[in-house]
Amino acid sequence: MVVGSADNANFEPTEPGSRPSVRNAPGPPSPTGPKSKEAVDLANEELAGLASLLESQGVTVRRPELHDFSAPVRTPDFEVENQYCAVCPRDVMITMGNEIIEATMSRRARYFEYQPYRKLVYEYWNADPRVEWTTAPKPSMADGMYREEFWDWPLEKRHEEMHSFEFCINQDEVVFDAADMSRFGRDILVQESMTTNRAGIHWLKRHLEPRGFRVHPVHFPLDFFPSHIDCTFVPVRPGLILTNPERPLREGEEKMFLDNDWELVDVPQPVLGNDEMPLYCQSSKWLSMNVLSISPTKVICEEQEKPLQDLLDKLGFEVFPIPFRNVFEYGGSPHCAPRGVRREGTREDYFPNLAYQPLI
Ligand code: ARG
């Protein structure tokens, strides 16, 4: 697994695809530029803890390369004052069998976020001729790709729009972040979100279905700012998915799980409320359920999330609690900060009862 690093991390800049804000202080200014050395050291310590726990469980852990995230980016189509960080490799790439796919990404500050992982990808690619490496088409990220008014929609408008699944990116270009996907053997769920549009899902379908995968779009209408599926719908072992009690699946979409004897279990309320999350954290309180299962019986969970740990324990897991709160402001918890690259075993079919029409 590749475990992220907070080295050289910057605050996410304001851009059409993102409106960072300081928690409980509505409106600008959110800080810009590099994060403080203290904040970086605290996050790195927790990331190192995750890395050594994984190693103690027999996982080979790799880390990203240093990258200058304070450098501005200028392409023919946009300019942005700084980049972000390499804490969440999960957002940037995904492996499907012997293929590594680099996501298009959806935000300007993350356009070049594949760079800290390139040396590793080359290493994998050079080491084994079976490794396939695909980079999805880079979108322009020009102003026209975004719907900037989205950020100012009043709550009533969000309610009205909740079944249209139109967010801050429009449908003109192929856009997806890897963390909107969740892989179940030969089936891939993809969440329509602020970071993945329908064109992105179509690209994934056309690319993956001829390779024997089935791609299923999923929707969570009550999440008004959806981005990355792993605080909403988190598979922890074959047959069991942790679900978010405030973000039910769109009606009808639970069928494929129920028809195949999967159990959906709501997680308890997080220990911290949305107002108590770290000041610069842009994610919701549901980072609580961002747990990492490393085998059908072992799961890594944030240290202070006792109610969730109790549930996991009752469900028969051995729970490994780790401190991770200092990583929250970098967008992640134990599930986001690592990205599995290589596993043993074969591609399972966990959904034998499926009425499914592949696109191709
Ligand atoms: N948008 C999610 C929430 O706030 C956070 C997802 C974090 N996941 C990740 N892979 N970076 O509920």
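As the structure lists them, so they are numbered: ligands from 1, and atoms in each ligand from 1. By convention here, the first residue in the shown sequence is residue 1.
- For Thr243, the side-chain contact (heavy atoms from CB on, under 4.5 Å) partners at least two apart in sequence or on another chain are Phe233, Ile241, Leu264, Asp266.
- Using bins of under 30°, 30° to 60° and over 60° for the plane-to-plane angle, the ring pair Phe165/His163 lands in the perpendicular bin.
- Note on ring orientation: taking the six-membered ring where Trp is involved, the planes of Tyr111 and Phe78 are perpendicular (angle over 60°, cut-offs 30° and 60°).
- Sorted by chain and number, the heavy-atom contacts of ligand 1 below 4.0 Å come from Cys88, Asp91, Ala179, Ser227, His228, Asp230, Cys231, Arg247, Ser283, Ser284, Gly331, Cys336.
- Residue Ser106 comes nearest to Met145 through the heavy atom pair O-CE, 4.0 Å, listed as atom of the first residue, atom of the second, then distance.
- Legend: ring-ring contact (aromatic ring centres under 6.0 Å, His included) pairs involving residues 290-314, not counting sequence neighbours: none detected.
- Glu173 is linked by a side chain to side chain donor-acceptor pair (under 3.5 Å) to Ser140, counting only residues two or more places apart in sequence or in another chain.
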